[in-house]
There are 2 protein chains.
Amino acid sequence: MDAMLDTEGKETSATHGAYRRLRDMILTGELPPGQKLKIEQLRGLLDTGASPVREALSLLTSDMLVERIDQRGFRAAPVSKCNFEEILLLRCNLEETALRASIANADATWEDRLVLRHHHMKKASHNGAHNFEDAHKAFHMALLDNSKLPLLLRYCSQLYDLNIRYRYLAAGGSSYKKRDITAEHQQILDAALDHDADSATRHLIDHYRRTGEYLSSQMET
Amino acid sequence: MDAMLDTEGKETSATHGAYRRLRDMILTGELPPGQKLKIEQLRGLLDTGASPVREALSLLTSDMLVERIDQRGFRAAPVSKCNFEEILLLRCNLEETALRASIANADATWEDRLVLRHHHMKKASHNGAHNFEDAHKAFHMALLDNSKLPLLLRYCSQLYDLNIRYRYLAAGGSSYKKRDITAEHQQILDAALDHDADSATRHLIDHYRRTGEYLSSQMET
DNA sequence: ATGTCAAATAATATCGATATTTTTGGAGCA
DNA sequence: TGCTCCAAAAATATCGATATTATTTGACAT
């Protein structure tokens with residue numbers, strides 16, 4: 001009755017919208033680790049009711065981006081070197097499993113999808129930053145999603161997001177040293193298109209370990 | 001003001017209580033897979049307000065025990081042989097990682113904890129069923145929790161719960177063929193106490209694969 | 001009979017307000 | 001000065017009611 005001023009219906013439910021926006025703010029560090037998340041404050045920020053905010057925070061709790069403290073409300077999940085290293089370990093383990101399964105199921109439509117995602121990612125790397133993050137994730141998930149293992153993909157996606165957060169925190173989001181990430185991605189793609197599981201996983205894991213070491217070195221003890 | 005008739009304060013918040021009870025009902029099959037979960041109906045069952053019910057359902061969504069459908073409410077997550085097999089696969093992978101890390105960190109207090117949990121489980125196996133389930137999970141999680149990898153433990157716990165559900169569905173909860181589960185547990189325990197990671201993981205995975213095959217054979221295509 | 005559409009019904013999503021609990025800020029006392 | 005305890009303030013958790021959205025029902029036309 002009141003709103004609907006949006007020129008385009010972009011979000012279905014208020015809850016989902018709040019979820020997406022809060023998630024974004026936590027991933028980018030706009031809401032820093034450990035910060036108390038007061039309902040009223042967020043209600044103002046997102047201008048919506050308390051119920052959608054609460055529900056969004058509940059969902060984020062299960063993504064491990066928000067912690068619920070007894071009866072004392074919510075806070076953005078804290079970070080630590082320990083936590084970062086666990087994320088890296090699990091990603092290497094789970095993504096290897098997923099990538100091998102993906103390659104085992106390889107077919108032409110998957111290869112097409114991969115090539116497309118890779119192309120879009122390259123194109124986006126010339127443009128805006130946030131845009132690139134989305135395309136980067138889409139490429140990495142496309143590598144894995146032919147495994148047809150939804151639980152595994154969900155975990156990979158969650159861990160990817162948790163990791164992204166450390167990138168933003170360590171470097172304001174952009175430093176993300178352009179190293180030779182482009183070449184690394186190309187190697188992974190080529191190996192995947194060749195159905196060479198060993199080479200693809202080796203390159204993928206090297207890719208993670210390398211950025212992992214870089215970020216780890218940036219972190220205080 | 002009204003309630004607080006409970007002889008003992010057993011649950012802190014209404015939300016948490018609703019979460020636990022709904023989770024239980026889904027795991028045991030009291031709320032069967034695919035069933036529509038109407039707020040009003042649950043509000044009656046748990047006699048609490050709509051907000052705690054909604055929040056509990058949100059949390060269960062992220063445990064993958066409940067699905068949220070667009071703007072059409074919630075339903076108990078469906079089951080399938082495929083889903084079961086994925087759970088089995090991931091459990092074998094993740095629990096091996098966790099168990100090896102646990103053993104690598106082995107110390108006396110962990111060994112004591114293990115022995116205790118194992119003892120309690122054996123004792124509970126003579127008594128009530130639901131009691132045993134809790135003790136069984138506690139033993140299995142104790143095997144893993146010395147890994148000190150909280151994310152990994154969380155995933156293992158989630159997958160354990162998803163699996164328990166198939167046990168209840170396949171066999172009304174008790175058939176759980178007493179096979180030689182006791183001996184299997186003993187072998188795992190002994191290997192862990194010996195710090196023999198290879199033997200422990202082999203026994204653990206065999207344990208899962210064996211019950212997995214049994215349950216798989218029980219399922220319709 | 002059958003398919004379509006509109007009104008009625010039911011269920012969800014959201015809001016505003018209240019009750020409970022935690023935290024804060026002193027006032028009184030050792 | 002430092003500590004305990006109590007009152008005031010703030011924040012959370014929960015409730016009841018409303019608006020919104022899906023589903024069903026039944027009348028009408030084909």
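Given the structure is predicted, the values throughout are model-derived calculations rather than measurements.
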Return yes if a side-chain donor-acceptor contact under 3.5 Å exists between B/Gln158 and A/Tyr155, otherwise no.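 Side-chain D/A pair, B/Gln158 to A/Tyr155: present.
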Whether B/Glu86 and A/Lys148 form a salt bridge (side-chain N of Lys/Arg under 4.0 Å from carboxylate O of Asp/Glu) is what I want to check.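 Looking at B/Glu86 together with A/Lys148, the answer is no, because their closest N to O distance does not fall below 4.0 Å.
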Length of the [atom1]-[atom2] vector between [X] and [N], whole Å:
X	N	atom1	atom2	result
B/Leu46	D/dA13	CG	C1'	17 Å
A/Asp47	C/dC15	CG	C1'	13 Å
B/Ile39	D/dT21	CD1	C1'	14 Å
A/Leu42	D/dA13	CG	P	13 Å
A/His16	C/dT12	NE2	P	19 Å
A/Gln41	D/dA11	CD	C1'	12 Å
B/Glu40	C/dA10	CD	P	12 Å
A/Arg43	C/dT14	CZ	C1'	12 Å

Examine [N]: is either OP1 or OP2 under 4.0 Å from a nitrogen or oxygen in the side chain of [X]? Give yes or no.
X	N	value
B/Ser13	D/dT12	no
B/Thr48	D/dC15	yes
A/Arg72	D/dT12	no
B/Arg54	C/dA13	yes
A/Lys36	D/dT12	yes

Can B/Arg91 be said to sit on top of B/Tyr208's aromatic six-ring, NZ or CZ under 6.0 Å from centre and within 45° of the ring axis? yes
Picking from C/dT14, D/dA11, D/dT14, which would you name as closest to the side chain of A/Lys38? D/dA11
Can you tell me which nucleotide in D/dC15, C/dA13, D/dA13 comes closest to the side chain of A/Gln71?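 Ranking D/dC15, C/dA13, D/dA13 by closest atom to the A/Gln71 side chain puts D/dA13 first.
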Name the residue closer to the 5' end of DNA chain C, choosing between B/Ser51 and B/Leu37 according to the nucleotide with the nearest heavy atom.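 With B/Ser51 and B/Leu37 compared, the 5'-side residue is B/Leu37.
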Counting only heavy atoms not in A/Lys122, do more than 12 fall under 6.0 Å of its NZ? no
Please name the pair of heavy atoms, one in B/Leu162 and one in B/Met64, separated by the smallest distance, quoted to 0.1 Å.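 Residues B/Leu162 and B/Met64, closest heavy atoms: CD2-O, 3.7 Å.
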Side chain to side chain contact (heavy atoms under 4.5 Å, CB included) assessment of A/Arg100 paired with A/Thr201: CA-CA 7 Å; A/Arg100 286 184 184 276; A/Thr201 58; 3.3 Å; yes
Anything under 30° is parallel, anything over 60° is perpendicular, the rest tilted; go ahead and classify B/His185 against B/His140.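 The arrangement is perpendicular - the two ring planes meet at more than 60°.
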Counting the atoms with a prime plus P, OP1 and OP2 as sugar-phosphate, which does B/Leu57 contact under 4.0 Å by heavy atoms, base, sugar-phosphate, or nothing?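 Touches nothing.
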List in numerical order all residues of residues 63-70 of chain A for which some heavy atom is under 4.0 Å away from an atom belonging to DNA chain D. A/Asp70
